[in-house]
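What follows is a set of notes on a single structure, which appears directly below.
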Amino acid sequence: MNHTKMTKADIVAKISEKLGMEKGDVQATVETFMEEVKTSLEAGDNVYLRGFGSFIIKTRAEKTGRNISKNTTIKIPAHNIPAFKPAKVFVEGVKSNVEVK
């Protein structure tokens, strides 16, 4: 099975086709959704979408890294990153439908 990628434009086109909505309206909705998720995470709030998954803030612990070009160790401070945690039903759907390469 050949896996391809899907872009925001592809998502907009599919939603527009399925719902019979103008692409411009769908694009504005998708972009506003993304902005709201981003704004929530930047404010420290996780976003939970039942049956889909959660956009969460993960904390990375402080660790020691290496600057290879200077051959020195550097301290990487603890920091937060955004992450997506798929719902169990989402994971099971991918497991049972997508062939392992």
Ignoring hydrogens and angles, tell me if any N or O in the side chain of [X] forms a donor-acceptor pair with the backbone of [Y] under 3.5 Å.
X   : Y   : result
D45 : L41 : no
N67 : T73 : no
S40 : E36 : yes

Is there a side-chain contact between [X] and [Y] (heavy atoms, below 4.5 Å)?
X   : Y   : answer
I81 : R60 : yes
I74 : T64 : no
Q27 : D25 : no
M34 : K8  : yes
I56 : K58 : yes

Spell out, yes or no, whether [X] and [Y] are grouped together once hydrophobic residues are joined by side-chain heavy atoms under 4.5 Å, including indirect joins.
X   : Y   : value
V98 : V89 : no
V91 : V94 : no
I76 : I57 : no
F33 : M21 : yes

Quiz item: After noting the C-alpha distance and the side-chain angles of S54 and N46, does the key distance pass the side chain to side chain contact (heavy atoms under 4.5 Å, CB included) rule?
Solution: CA-CA 7 Å; S54 304; N46 291 334; 5.9 Å; no
Atom [atom1] of residue position [X] - does it have more than 12 heavy atoms of other residues, nucleotides or ligands inside 6.0 Å?
X   : atom1 : value
R66 : CZ    : yes
E31 : CD    : yes
E22 : CD    : no

Exercise. Please work out which of the three classes, parallel, tilted or perpendicular, describes the rings of F84 and F55, given edges at 30° and 60°.
Key: tilted
Practice problem: Start with the C-alpha gap between N80 and T59, add the side-chain angles, then the distance that decides, and say whether side chain to side chain donor-acceptor pair (under 3.5 Å) holds. | Solution: CA-CA 4 Å; N80 291 322; T59 301; 2.7 Å; yes
Exercise. Taking only Lys NZ, Arg NE, NH1 and NH2, and the carboxylate oxygens of Asp or Glu, determine whether K88 and E92 approach each other closer than 4.0 Å.
Key: no
Exercise. Test M6 against K14 for side chain to side chain contact (heavy atoms under 4.5 Å, CB included), laying out the working first.
Key: CA-CA 10 Å; M6 181 176 254; K14 280 201 182 273; 3.3 Å; yes
Exercise. Quick one: pull up CZ in F90 and NZ in K95 and give me the separation to the nearest 0.5 Å.
Key: 13.5 Å
Quiz item: Between G51 and A87, what is the shortest heavy-atom contact and its length?
Solution: C-CB, 3.8 Å
